[in-house]
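All values derive from a computational prediction rather than experimental measurement. Chain identifiers are assigned alphabetically (A, B, ...) following the order of the sequence lines, protein sequences preceding nucleic acid strands; residue numbering begins at 1 within each chain.
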Protein chains: 2
Amino acid sequence: MKRLNSKSGCAVEVTLSVMGGTWKPIVLFHLLHGTKRFSALARAIPNVTQRMLTLQLRELEEAGIVARTVYAEVPPRVDYALTELGRSLEPVLIAMRDWGMDYAQRQGLQEAGQGVQVSCAA
Amino acid sequence: MKRLNSKSGCAVEVTLSVMGGTWKPIVLFHLLHGTKRFSALARAIPNVTQRMLTLQLRELEEAGIVARTVYAEVPPRVDYALTELGRSLEPVLIAMRDWGMDYAQRQGLQEAGQGVQVSCAA
DNA sequence: CAGAATCCGAAAAGATACTG
DNA sequence: CAGTATCTTTTCGGATTCTG
């Protein structure tokens, strides 16, 4: 059992210790739509390197947030899915998505004609 | 006007570009309870250094999330408060707090007797 | 395909000392 | 009180190469 690395005991810190970082929320958000294999996640997140994606997924697995399933096939196939605990993060992820969409909308109005587009909203 | 540093246009990335990082969500959460001065924030977040607190507050100010008010007094006094845009982050912050409390509770049950305490829940 | 291993530069963050 | 300035340390993360 991993120790919570929250020194002040703040509830927000606890959450950040599990799903904080640049990539974890994005990975989790994509997994919200269902099980995905490694290559699918990599394609969905163009800016992540193979290395970082692997590292983040391992940490999420350790925290019990995602489940990793390896199929003994050739070519190899590995699936990632949210666990029940992982799915419990949905409200947080949805709140983040909603705010991001609203914010882009506001910015879009000010950067008239810049064509701000927020995809992967589903 | 600062550019959104979201390369893939994912709404979650937009949110992270504004309130991502180790300290910003915690700072914002504390400001949710009302205007606070610099020293009050520093006390509320024991693990942050003066330097990091300053840097994060400056970034939040630049993003239009917090408002900084300097009073021409001796000793100096500086207040930080959420702007309207900042307050719109409340659902995200509350979702994070709620999840953190639930998670600590689960962990607490498994680490029986460890005395997990999550404060600053208000 | 899904990674593991290694190397390396950049960036984040901490400690400490100083100031209007 | 509310910061700056500077320095050092640590971590992050990219590029590349290799493998079952």
Side-chain angles (χ1 to χ4, degrees), chain A residues 2-3 5-8 10 12-13 16-28 30-31 34-63 66-81, chain B residues 2-3 5-8 10 12-13 16-28 30-31 34-63 66-81:
Chain A
K2 201 179 151 196
R3 214 73 192 74
N5 70 1
S6 161
K7 312 251 174 78
S8 70
C10 176
V12 175
E13 285 184 52
L16 289 172
S17 74
V18 173
M19 55 97 73
T22 312
W23 304 112
K24 289 201 191 81
I26 302 174
V27 170
L28 292 174
H30 284 288
L31 288 179
T35 299
K36 287 209 160 38
R37 49 193 298 184
F38 186 84
S39 53
L41 282 172
R43 255 179 287 111
I45 314 171
N47 294 313
V48 79
T49 58
Q50 220 175 21
R51 175 185 138 87
M52 289 314 297
L53 186 54
T54 302
L55 289 174
Q56 302 303 307
L57 285 168
R58 287 292 181 283
E59 286 179 26
L60 289 170
E61 192 189 356
E62 242 188 294
V66 306
R68 179 169 176 262
T69 311
V70 183
Y71 296 90
E73 301 174 359
V74 175
R77 184 177 132 217
V78 180
D79 275 354
Y80 291 93
Chain B
K2 203 178 150 194
R3 216 69 193 79
N5 68 2
S6 162
K7 313 252 173 77
S8 70
C10 175
V12 174
E13 284 184 52
L16 289 172
S17 74
V18 173
M19 55 97 72
T22 310
W23 303 112
K24 289 202 191 80
I26 302 175
V27 170
L28 293 174
H30 284 289
L31 288 179
T35 299
K36 287 209 159 38
R37 48 195 299 184
F38 186 83
S39 53
L41 282 173
R43 256 179 287 109
I45 314 172
N47 295 312
V48 79
T49 58
Q50 223 174 20
R51 176 186 136 87
M52 288 315 295
L53 186 54
T54 302
L55 289 174
Q56 301 304 304
L57 284 168
R58 288 290 182 285
E59 287 179 26
L60 289 170
E61 192 189 357
E62 242 188 294
V66 306
R68 178 169 177 263
T69 311
V70 183
Y71 297 90
E73 301 174 357
V74 175
R77 184 175 132 218
V78 181
D79 275 353
Y80 291 92

Trainee: State, with a plain yes or no, whether a side-chain heavy atom of A:L53 is found less than 4.5 Å away from one of A:W23.
Mentor: no

Trainee: Is any side-chain heavy atom of A:R68 closer than 4.5 Å to one of A:L57?
Mentor: no

Trainee: Under 4.0 angstrom, heavy atoms only, what part of the nucleic acid is B:R51 near: base, sugar-phosphate, or nothing?
Mentor: base

Trainee: Tell me which nucleotide among D:dG3, C:dG14, C:dA2 gets nearest to the side chain of B:R68.
Mentor: D:dG3

Trainee: Whole-Å distance between D:dC12 C1' and A:L53 CG?
Mentor: 15 Å

Trainee: Quick one: are B:V27 and B:L60 in side-chain contact, heavy atoms under 4.5 Å?
Mentor: yes

Trainee: Are OP1 or OP2 of C:dA2 and a side-chain N or O of A:R37 less than 4.0 angstrom apart?
Mentor: yes

Trainee: Given atom CG of A:D79 and atom C1' of C:dA2, what is their separation to the nearest angstrom?
Mentor: 12 Å

Trainee: Taking OP1 and OP2 of D:dT4, is either one under 4.0 Å from a side-chain nitrogen or oxygen of B:R58?
Mentor: yes

Trainee: Please confirm whether the shortest side-chain N or O distance from B:T49 to OP1 or OP2 of C:dA13 is below 4.0 Å.
Mentor: no

Trainee: Any heavy-atom pair between the side chains of A:T54 and A:Q56 that's under 4.5 Å?
Mentor: no

Trainee: Is the phosphate of C:dC1 approached by A:S39 (side-chain N or O, under 4.0 Å from OP1 or OP2)?
Mentor: no

Trainee: B:T22 side chain N/O closer than 4.0 Å to the phosphate oxygens (OP1, OP2) of C:dA12?
Mentor: no

Trainee: Any side-chain N or O of B:Y80 under 4.0 Å from OP1/OP2 of D:dC1?
Mentor: no

Trainee: Could you tell me if the side chain of A:L31 sits less than 4.5 Å from the side chain of A:K36, heavy atoms only?
Mentor: yes

Trainee: Does any part of the side chain of A:H30, heavy atoms only, come nearer than 4.5 Å to the side chain of A:L41, both counted from C-beta?
Mentor: yes

Trainee: Does anything in residues 69-76 of chain A come within less than 4.0 Å of DNA chain C? Heavy atoms only, and list the residues if so.
Mentor: A:P75, A:P76

Trainee: As a test of reading the structure: which of D:dG3, C:dG14, C:dG3 is closest to the side chain of B:T54, going by heavy atoms?
Mentor: D:dG3

Trainee: How close or far is atom P of D:dA15 from atom CD of A:Q50, stated in whole angstroms?
Mentor: 12 Å

Trainee: Considering only C:dA2, D:dA2, C:dG14, which nucleotide approaches the side chain of B:V78 most closely?
Mentor: D:dA2

Trainee: Using 0.5 Å steps for rounding, measure from the NZ atom of B:K24 to the CE atom of B:M52.
Mentor: 8.0 Å

